[in-house]
Amino acid sequence: MIAPDWFREDRLPHIYCTGCGNGTVINCTLAAVEEMDWKREETVFVSGIGCSSRAPGYILTDSLHTTHGRALAFATGVKMARPEFNVVVFTGDGDLAAIGGNHFIHACRRNVDMTVVCMNNHIYGMTGGQGSPTTPPGAISTTTPYGASEPAFDLAELAVAAGANYVARWTSYHVKELTKAVTTGMQTPGLAFIEVRTQCPTNYGRHNKLRTVPAMIEYIRSHAMLVEKYNRLTAEGKPIPEGTFTVGELVRRSRPAMGVRR
Amino acid sequence: MKLVIDESRCKGCNLCVLVCPYGIFQEGKELNSRGIVSPALNRPERCTNCRLQALYGRTLCGVCQMICPDQAITWVEERPFEPHRVEVEF
Ligand SMILES: Cc1ncc(C[n+]2csc(CCOP(=O)(O)OP(=O)(O)O)c2C)c(N)n1
Ligand code: SF4
Ligand code: SF4
Ligand code: SF4
Ligand SMILES: [Mg+2]
């Protein structure tokens with residue numbers, strides 16, 4: 001296994017369903033933490049509520065498993081009180097963008113020095129598959145039985161617009177790139193936001209004609225396009241296939257940040 | 001080193017089958033004692049990690065281990081004089 005010094009092996013196997021991408025995202029984040037050479041006593045994982053938010057429970061550090069949507073508010077508190085700590089937030093699309101939407105934009109605006117990893121599975125996984133703000137138009141969920149009719153949030157673009165210092169997006173298929181992005185995010189002062197498009201085979205795949213785990217990840221992989229290629233195609237006026245999303249580093253800058261260790 | 005799937009953790013998602021460039025993991029056919037169909041290994045000694053991990057002092061490739069959502073893939077030390085299949089690839 002990856003990062004045996006960081007996993008709570010006594011808690012494994014975890015409760016995630018077969019093929020749930022959350023396990024992969026934990027692997028990549030912990031691989032990045034290992035690369036950073038952080039100390040366990042100086043690292044805090046914070047999360048809200050959701051399948052994704054259970055991640056800190058499998059990690060051998062102090063952590064805060066807070067109320068739904070409030071992970072970033074608690075994490076801001078931790079960072080302000082103890083700026084010497086490394087703060088990592090695990091959150092889901094519902095946790096971050098629905099109930100926690102305001103905390104998200106303001107944490108980005110304040111540019112609080114922490115790393116936010118969002119496992120975006122386009123659904124409320126834990127509560128049985130209700131639509132979330134990132135459910136793509138047309139997708140079936142228990143609250144959109146005839147297909148979602150609302151446009152979806154682009155979480156990474158939202159973080160760019162709100163002011164985060166580092167923003168990247170990858171998928172649970174791109175494990176090496178994701179690990180690298182999380183590492184870069186951890187090295188960047190200010191808020192680093194990494195969106196991970198990931199699979200929820202149980203509550204998303206099953207209802208959207210992606211019945212097996214490999215089918216679901218293959219769908220995500222094939223709809224990812226490098227941001228450089230996307231920009232080139234749009235500049236040339238070429239068509240972009242429907243359902244495509246960009247992956248790669250969307251921004252790296254040095255706006256003034258809060259909570260940076262002096 | 002030897003590639004092993006920890007059957008007490010594997011949930012049989014077959015993501016390792018999807019990613020290994022050598023096709024070392026193959027969809028399993030039999031239920032194990034936990035009621036899960038874990039992948040079968042097809043000549044795992046072809047994985048570069050089995051031969052070179054100790055020499056290089058780090059994990060090479062390792063994509064299967066990274067993507068495995070259930071932390072079930074590892075390389076373990078072999079016991080001395082474990083039988084080996086010798087494979088000549090042309
Ligand atoms: C205040 C409050 N409202 C609603 C809920 C019910 N609830 C629990 S998890 C969840 C959604 C989780 O979705 P997401 O953050 O995307 O996590 P996932 O399970 O998909 O990883 C909701 C609505 C709650 N626990 N607390
Ligand atoms: S419901 Fe979805 S997100 Fe939750 S553990 Fe199962 S597959 Fe993962
Ligand atoms: S490390 Fe790479 S080559 Fe070796 S088994 Fe895993 S995916 Fe295959
Ligand atoms: S990726 Fe892991 S959990 Fe999935 S089948 Fe392979 S060994 Fe089992
Ligand atoms: Mg979700």
Side-chain angles (χ1 to χ4, degrees), chain A residues 1-4 6-32 34-35 51-52 55 58-59 119 121 170-180 182 196 198-202 205 211-221, chain B residues 1-41 44 47-50 53-54 56-77:
Chain A
M1 70 191 293
I2 305 268
W6 291 79
F7 263 107
R8 269 185 76 174
E9 289 203 48
D10 57 317
R11 304 285 290 170
L12 299 177
H14 47 56
I15 59 149
Y16 296 142
C17 310
T18 301
C20 173
N22 293 349
T24 307
V25 180
I26 303 177
N27 285 345
C28 297
T29 308
L30 291 184
E34 258 195 346
E35 199 151 316
C51 297
S52 37
Y58 301 106
I59 302 174
M119 304 163 184
N121 53 14
W170 285 104
T171 77
S172 48
Y173 176 83
H174 297 95
V175 285
K176 297 268 174 183
E177 293 87 343
L178 173 60
T179 306
K180 219 165 153 200
V182 177
V196 193
T198 181
Q199 72 277 18
C200 169
T202 304
R211 295 201 77 87
T212 64
V213 177
M216 183 143 205
I217 207 154
E218 186 56 31
Y219 180 87
I220 296 177
R221 185 198 63 78
Chain B
M1 304 284 262
K2 188 168 77 174
L3 172 65
V4 288
I5 296 180
D6 181 346
E7 299 231 348
S8 70
R9 289 193 189 151
C10 171
K11 293 181 188 150
C13 64
N14 288 325
L15 283 175
C16 48
V17 178
L18 180 85
V19 295
C20 178
Y22 296 126
I24 284 173
F25 303 88
Q26 302 202 325
E27 278 192 35
K29 293 193 181 73
E30 276 165 47
L31 286 179
N32 65 16
S33 58
R34 290 171 63 229
I36 281 165
V37 185
S38 277
L41 297 179
C47 168
T48 40
N49 273 310
C50 295
Q53 193 172 39
Y56 280 68
R58 63 183 171 87
T59 309
L60 307 148
C61 175
V63 180
C64 56
Q65 188 185 38
M66 205 76 169
I67 205 165
C68 173
D70 286 280
Q71 296 78 37
I73 296 172
T74 29
W75 288 268
V76 295
E77 290 292 347

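Below, chains carry the letters A, B, ... as their sequence lines are ordered, and counting in each starts from 1.
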Do the side chains of [Y] and [X] get nearer than 4.5 Å, heavy atoms only?
{"X": "B/Gln71", "Y": "A/Glu9", "value": "no"}
{"X": "B/Lys11", "Y": "A/Val213", "value": "no"}
{"X": "B/Leu18", "Y": "A/Ile217", "value": "yes"}

With a 4.5 angstrom heavy-atom cut-off, is it the side chain or the backbone of [X] that approaches chain B, or both, or neither?
{"X": "A/Phe7", "value": "side chain"}
{"X": "A/Thr212", "value": "neither"}
{"X": "A/Thr18", "value": "both"}

Item checked: Value rounded to 0.5 Å, distance of CD1 in B/Ile67 from CG in A/Leu178 -> 10.5 Å
Identify the two heavy atoms, one from [X] and one from [Y], that lie closest to each other, and give their separation to 0.1 Å.
{"X": "B/Pro69", "Y": "A/Cys20", "result": "CB-O, 3.3 Å"}
{"X": "B/Thr74", "Y": "A/Met1", "result": "CG2-N, 2.7 Å"}
{"X": "A/Pro214", "Y": "B/Cys13", "result": "CD-O, 3.6 Å"}
{"X": "B/Arg34", "Y": "A/Pro13", "result": "NH2-CG, 4.2 Å"}

Margin query: Looking at A/Lys180, I want to see if its NZ is surrounded by more than 12 non-hydrogen atoms of other residues, nucleotides or ligands under 6.0 Å.
Written below: no
Check: What residue among A/Ile2, A/Asn27, A/Val175 forms side chain to side chain contact (heavy atoms under 4.5 Å, CB included) with B/Gln65?
Finding: A/Ile2
Contact origin within [X] toward chain A - heavy atom pairs under 4.5 Å:
{"X": "B/Val19", "answer": "side chain"}
{"X": "B/Cys64", "answer": "neither"}
{"X": "B/Thr59", "answer": "neither"}

